[in-house]
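Just follow the structure's listing: the first ligand is 1, and inside any ligand the first atom is 1. Note: hydrogens, waters and symmetry copies are ignored here, and every other heavy atom, side chains too, is used.
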Amino acid sequence: MEAERFGCIIVGGGIAGLSAAMVLARHEVPFLLIERGAYSGAKNVSGGVLWGTDLARLVPEYWNDPNASFERFINHRRLTFLDEQSAFSIDFKSSHYDTPPYMGVTVLRAIFDRWLADKVQEAIDRSACADASFLAFDVLVERLLVEDGRVVGVEAGGERFYADCVILAEGVNNLLTRQIGLQAEYVPADHMAVGVKEVLRFDRRVLEDRFQLSERSGMANEFIGAITDGVEGGGFLYTNRTTVSIGLVLGMADLRRKRKKPYELLDRFKAHPVVADMIRGGEVVEYSAHVVSTGDMRAMPRELYADGVLVAGEAANLLLNAGKAIQGMDFAMHSGILAAETVLEARRVGDFSAATLRRYRERLEQSYVLQNMRNFQAAVRLLHEPVMYERMPRLVCDLGREFFRVENRPAPKLRQILREVVRRHSSLPELLKLTYRAWKAL
Ligand SMILES: Cc1cc2nc3c(=O)[nH]c(=O)nc-3n(C[C@H](O)[C@H](O)[C@H](O)COP(=O)(O)OP(=O)(O)OC[C@H]3O[C@@H](n4cnc5c(N)ncnc54)[C@H](O)[C@@H]3O)c2cc1C
């Protein structure tokens with residue numbers, strides 16, 4: 001029997017893969033997307049806020065879709081420093097963010113990815129390739145087919161499928177990217193993290209009253225400090241329609257070094273007096289854990305293309321976590337779009353060699369994805385230093401505690417409080433040095 005041949009094969013039906021698929025479907029390119037999960041989203045974990053407006057490019061006016069599977073749009077941001085008893089937050093809320101296309105929307109991946117896959121299927125059905133493009137689920141791509149040093153297809157479920165080009169959108173466990181030597185076999189655990197997350201269900205009224213939400217507005221809260229028991233990392237809490245997603249992202253090497261268990265640290269985070277007040281009465285309806293990149297560019301594949309192949313999304317370790325937000329899904333979406341656009345260009349010139357596919361790298365370099373990763377590498381590395389998740393949050397909380405304390409005695413001036421607090425947790429030279437580094441990094 002003759003093996004099937006496609007214009008493109010996409011490995012992985014997560015956000016990167018589906019985004020690439022949407023572009024190919026719109027441009028009448030026959031393609032095969034292969035996803036190992038029973039449906040898109042079955043195997044995926046995110047916090048998760050999908051930042052940016054690329055979703056509106058893929059599904060115009062998605063917010064008007066009655067089935068639109070986003071949970072809430074974000075108009076409320078909060079960054080919280082914690083010690084064992086206190087929380088000091090920088091809080092920003094604005095109706096400026098209330099109008100579409102939204103700055104960011106919360107999503108639950110098992111619902112969102114499935115909806116996006118349906119949208120891709122609709123685009124396929126409308127295209128001239130309705131009988132030539134397929135989304136295949138429950139199928140694992142076992143290996144890439146390589147002939148004369150170029151990727152020519154994939155082997156999946158014991159069958160061979162050939163294509164002009166393969167887009168690897170296989171996520172952070174990028175075994176196929178490693179098979180062809182683009183990624184080193186061994187990625188240091190220092191550059192990888194473990195994300196653990198629970199979804200807690202609330203009565204909708206309770207949730208909206210507690211977090212001051214109206215209709216579809218939502219809040220994204222990042223945390224740094226005593227919650228991780230000295231392990232590198234931080235926490236998050238995002239509001240969904242009737243649930244909150246709460247979790248931690250923890251340095252893998254540090255977890256191992258300090259012999260801590262992610263789920264025990266998550267319990268500790270939830271038990272923090274300030275956090276416990278936020279989630280009181282929530283019923284756990286989902287628990288998940290997943291490896292996640294740290295955003296350190298040293299973990300990226302040595303190249304993102306080769307003859308006949310492109311690497312997109314977290315398979316390429318495209319992610320940024322510089323303290324302000326985790327940006328993995330938007331990077332996956334954008335790189336998926338750029339990978340597909342590069343395939344369109346390669347089809348126009350009839351050349352799928354590295355000489356043409358290098359345009360993908362150029363597109364990424366010109367995009368916010370690689371520009372942000374490069375610009376904020378110093379912030380990513382600074383965040384990994386123990387002082388940032390141990391002493392600094394304590395200093396900030398101590399400052400808050402002293403500043404907001406009102407007693408029946410003469411009150412110290414702010415500068416006196418500051419001097420005393422700095423002396424307790426750090427020193428002026430150290431603080432000045434850190435402030436200078438943070439100033440440069442951000
Ligand atoms: C706890 C946690 C919180 C996070 N929070 C956020 C957040 O708030 N915002 C944000 O933007 N990002 C967040 N991220 C990161 C984000 O989830 C990822 O960056 C994003 O999912 C990457 O998308 P992707 O499509 O590249 O990969 P994935 O979503 O991992 O998709 C890869 C797909 O490929 C499939 N696959 C893999 N190998 C094969 C194979 N051989 N054959 C067939 N199919 C295969 C998998 O089943 C999967 O469906 C978070 C991650 C974690 C773990």
Exercise for the section: Determine, for Arg205 against Glu208, whether the closest basic-nitrogen to carboxylate-oxygen distance falls under 4.0 angstrom. Expected result: no
Numbered atoms of ligand 1 (with element) below 4.0 Å of [X], judged on heavy atoms:
X      : value
Ala16  : 25 (O), 26 (O)
Leu319 : 15 (C), 19 (O)
Gly313 : 26 (O)
Leu140 : 40 (C), 41 (N), 42 (N)
Ile34  : 43 (C), 44 (N)
His290 : 53 (C)
Lys43  : 47 (O)
Ala169 : 32 (C), 33 (C), 34 (O)

So is there a nitrogen or oxygen of [X] less than 3.5 Å from a nitrogen or oxygen in ligand 1?
X      : value
Glu35  : yes
Gly195 : no
Met329 : yes
Val141 : yes
Val196 : no
Leu248 : no

Would you say [X] contacts ligand 1, with heavy atoms under 4.0 Å as the rule?
X      : value
Val139 : yes
Gly247 : no
Asn44  : yes
Arg109 : yes
Phe331 : no

Exercise for the section: Answer yes or no: is there a donor N or O on one side and an acceptor on the other, between the side chain of Thr106 and the main chain of Thr239, under 3.5 Å? Expected result: yes
Exercise for the section: Please check if the side chain of Asn44 supplies one atom and the backbone of Gly14 the other of a donor-acceptor pair under 3.5 Å. Expected result: no
Practice task
Decide salt bridge (Lys or Arg N to Asp or Glu O under 4.0 Å) for Glu122 and Lys119; before the verdict, give the C-alpha distance in whole Å, the side-chain angles of both, and the deciding distance to 0.1 Å.
Solution key: CA-CA 5 Å; Glu122 284 171 22; Lys119 293 288 159 193; 3.6 Å; yes
Problem - Parallel, tilted or perpendicular: ring planes of Phe70 versus Tyr102, cut at 30 and 60 degrees - result: tilted
Practice task
Give me the ring orientation class for Phe112 and Trp115: parallel if the planes are under 30° apart, tilted from 30 to 60°, perpendicular past 60°.
Solution key: tilted
Practice task
Among all protein heavy atoms, pick the one closest to atom 23 (O) of ligand 1 and tell me residue, atom and distance.
Solution key: Ala332 CB, 3.5 Å
Problem - Arg178: partners by side chain to side chain donor-acceptor pair (under 3.5 Å), with sequence neighbours left out - result: Asn174
Handout entry: Axial cation check for Phe352 ring with Arg150, 6.0 Å and 45° limits
Key = no
Handout entry: Option from Phe376, Tyr368, Trp51 for which side-chain contact (heavy atoms from CB on, under 4.5 Å) with Leu320 holds
Key = Phe376
